[in-house]
Amino acid sequence: MKSKTTILFIFLLLSFTSVINAQDTIPALPDEDTVTITESESDSLDLVFELPDTTEFDVSFDANADSMLQIYYVASSLKNDSANQKSEESYVIPTFPDSAYKQRLESLPMIVELSYNNVVRRYIDVYTVKKRRQVEVMLGLSEHYFPIFDDIFDYYGVPNEMKYMSIIESALNPKAYSRARAVGLWQFMYGTGRIYGLEINSLVDERMDPIKSTHAAVKFISDLHDMYGDWLLALAAYNCGPGNVNKAIRRSGGKKNFWEIYYYLPRETRGHVPAFIAAIYTMNFYAEHDLHPVEIEIPVTTDTIFVNHKLHLQQVSEVLGIPLKQIRDLNPQYRYDIVPGQTKPYALRLPVEQTLSFIDLADSIYAYKDSVFFNKNVVSTPIINSHEPSAPSADYIKLHYTVKSGDAVGLIADWYDVRSSDLTYWNNINRNIIRSGQKLVIYKHKNVASKYEDINSISYAEKQTRNGYTVKPTTQPAPVIEELKEGEYILYTVRSGDTLWEIAQKYPGVTDTDIMKWNGITNAGKIAPGQKLKIKSKS
């Protein structure tokens, strides 16, 4: 084992220097090159340094943050959080004396040495003053990613605080992509990623897989720590390569403390460790700076399904009715939305409530438009559908279908042999979102319409069998019924044409599923005019 580790370290020394040094998502400082420290404040600083002469921080941080803000679940969450933004004209950003920053860092129960000085102070100002909105988004994302990181770091016995590397590397953006082609949450270059077991090819890039890339990053930083016996030096080597750190150690006369070799390191690396310490401070003391995490609407619980067939994410999206962007953001490692499951099993992450639907509808999902998404001549991108939906002619008859629980636009279109785009056009459906009980119209030519008239009344299994699919029998769980006591609810009288979804819209915070639970309804399409429904009152 020792010889294997020694060989790895030698290889790291010889090869990683040029590879890692190419990374350009490097924290640097704002344009100012000096910090004014009063005499009283200087007593609370460990050391005073000349600030690094770099200008890359705003460029790299903003690039990653801007990309992060385009992520589906971040963008949708920010729309709902706009009310929490404070007016810059009337709001005073909290600041504190150096002694307060130093005392707070010293209070953190961490193995890594968290020194405080003027360089660290400047980065704290960057996070808590200049980049407040981006930091609030990262705080929200951290509630999703940090529990994942904690489990993996604990598994390898690496200090928990090293997870904050992800803040300075990528701003918690799994799709971060630097100009030097470093990729993902942990900003792996191609060669380093491959050495640490990440699959990188035309279709799959596991540098963007939050779980697999974290395993690789922990192994990498752990190897670097074994080399230096110091986590801050390991972090510096993660940024600029072991060769540059070794050179700095030699030039300093053999010293092995980051701050003692500070001036011997490449200029772009001098800011890396201070930015890391500032990130730890900010993520732990954000409340003192009146920073508030944005509530990111990432699915609270997800589950993983192993795919054994070639699959396009849009097949999943259209059949299960999940927004394509959401599936992409849960599975960023698939470059062209293609899961090459025909070669080996690949993981697909979905909201937990959709995993059982995927299992039940797997055959339908794999078969859905497979000739469109996997054309023999073009594998990497789907064929563009040039069909323009339009109103039907006089030769077409209008059929009606009531949406059942578990239905999806793609499935309904398949049952009626129409295009999904026509179905959404006829019914003004946005983003393939349909609700139980919703009434849809479908147009079929008068010569064949009679073949489809009974689809609304037959079972799901019959509909699938008619289209050539085999449906495995499933045991339906007993409906969940919530008993409401007298005074806890109001009564709503169903009117002609009402659906549960439409009724739910009348009561903020209420869903059609809630109404079914409160009234013991098992079929959302079977409500009748005059029926009394219990609606739980807010009070």
Heavy-atom pair of closest approach, residues [X] and [Y]:
{"X": "Y164", "Y": "I280", "result": "CD1-CG1, 3.4 Å"}
{"X": "P293", "Y": "L291", "result": "CD-O, 4.1 Å"}
{"X": "S222", "Y": "V158", "result": "CB-CG2, 4.1 Å"}
{"X": "L533", "Y": "I503", "result": "CD1-CD1, 3.8 Å"}
{"X": "Y334", "Y": "I338", "result": "CD2-O, 3.6 Å"}
{"X": "V403", "Y": "I412", "result": "CG2-CD1, 4.4 Å"}

Does the side chain of [X] reach to within under 4.5 Å of the side chain of [Y], using non-hydrogen atoms?
{"X": "S317", "Y": "K325", "answer": "no"}
{"X": "M165", "Y": "I221", "answer": "yes"}
{"X": "T302", "Y": "L330", "answer": "yes"}
{"X": "P210", "Y": "L185", "answer": "yes"}
{"X": "T128", "Y": "V135", "answer": "no"}
{"X": "V339", "Y": "V204", "answer": "no"}
{"X": "M162", "Y": "F276", "answer": "yes"}
{"X": "R132", "Y": "Y127", "answer": "no"}

Open item on the list: Determine whether D417 and K451 satisfy the following criterion, salt bridge (Lys or Arg N to Asp or Glu O under 4.0 Å), listing intermediate values before the conclusion.
Closed with: CA-CA 11 Å; D417 295 322; K451 289 173 51 181; 5.7 Å; no
Cationic tip of K534 above W518 ring, under 6.0 Å, 45° of axis =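 So K534 doesn't make the cation-pi contact.
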Working note: L313 + L348, criterion side-chain contact (heavy atoms from CB on, under 4.5 Å); need CA distance, chi angles, decisive distance, verdict. CA-CA 9 Å; L313 299 186; L348 179 71; 3.7 Å; yes
| said: Could you walk me through whether R328 and D337 satisfy the salt bridge (Lys or Arg N to Asp or Glu O under 4.0 Å) test, starting with their C-alpha distance in whole Å, then the side-chain angles of each, then the deciding distance to 0.1 Å, before giving a yes or no? | reply: CA-CA 7 Å; R328 283 173 175 162; D337 296 344; 2.7 Å; yes
Say you draw a straight line from [atom1] of [X] to [atom2] of [Y]; how long is it, rounded to the nearest 0.5 Å?
{"X": "K219", "Y": "I195", "atom1": "NZ", "atom2": "CD1", "value": "13.0 Å"}
{"X": "L172", "Y": "K163", "atom1": "CG", "atom2": "NZ", "value": "10.5 Å"}
{"X": "T424", "Y": "E318", "atom1": "OG1", "atom2": "CD", "value": "9.0 Å"}
{"X": "D363", "Y": "L361", "atom1": "CG", "atom2": "CG", "value": "9.0 Å"}
{"X": "S170", "Y": "K175", "atom1": "OG", "atom2": "NZ", "value": "13.5 Å"}
{"X": "H312", "Y": "L324", "atom1": "NE2", "atom2": "CG", "value": "7.5 Å"}

Donor-acceptor check, side chain of [X] to backbone of [Y], threshold 3.5 angstrom: yes or no?
{"X": "E136", "Y": "R133", "value": "no"}
{"X": "D514", "Y": "T511", "value": "yes"}
{"X": "R194", "Y": "Y190", "value": "no"}
{"X": "E199", "Y": "E206", "value": "no"}
{"X": "E462", "Y": "S459", "value": "yes"}
{"X": "N519", "Y": "I521", "value": "no"}
{"X": "D205", "Y": "R207", "value": "yes"}
{"X": "D454", "Y": "S457", "value": "no"}
{"X": "N331", "Y": "I327", "value": "yes"}
{"X": "K444", "Y": "Y416", "value": "yes"}

For this session: Show the numbers, then the answer: is there a salt bridge (Lys or Arg N to Asp or Glu O under 4.0 Å) between D303 and R349?
Result: CA-CA 6 Å; D303 202 357; R349 187 164 291 277; over 6 Å; no
Can you classify the ring geometry of [X] versus [Y] as parallel (below 30°), tilted (30 to 60°) or perpendicular (above 60°)?
{"X": "F146", "Y": "F149", "value": "tilted"}
{"X": "Y196", "Y": "F188", "value": "tilted"}
{"X": "Y507", "Y": "Y492", "value": "perpendicular"}

Do [X] and [Y] meet the criterion of a side-chain donor-acceptor pair at a distance under 3.5 Å?
{"X": "N456", "Y": "K404", "value": "yes"}
{"X": "Y156", "Y": "H215", "value": "yes"}
{"X": "N160", "Y": "D154", "value": "no"}
{"X": "W186", "Y": "T214", "value": "yes"}
{"X": "Q315", "Y": "Y366", "value": "no"}
{"X": "S420", "Y": "Y368", "value": "yes"}

Kindly state whether the ring of [X] and the ring of [Y] have centres lying under 6.0 angstrom apart.
{"X": "Y401", "Y": "Y452", "result": "no"}
{"X": "F306", "Y": "Y346", "result": "no"}
{"X": "W426", "Y": "Y396", "result": "no"}

Check your understanding: Considering residues, nucleotides and ligands other than R335, do more than 12 of their heavy atoms fall under 6.0 Å from its CZ?
Key ->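 Check passes, neighbour count above 12.
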Worksheet entry | K536 vs V510, side-chain contact (heavy atoms from CB on, under 4.5 Å): CA-CA, chis, key distance, verdict | CA-CA 8 Å; K536 192 172 185 178; V510 173; over 6 Å; no
Legend entry - Stepwise side-chain contact (heavy atoms from CB on, under 4.5 Å) check, M283 with L139: CA-CA 7 Å; M283 300 301 282; L139 286 166; 3.7 Å; yes
task = Determine, step by step, whether M189 and T192 satisfy the side-chain contact (heavy atoms from CB on, under 4.5 Å) criterion, reporting the C-alpha distance in whole Å, the side-chain angles of both residues, the deciding distance to 0.1 Å, and the verdict.
result = CA-CA 5 Å; M189 297 295 292; T192 317; 4.1 Å; yes
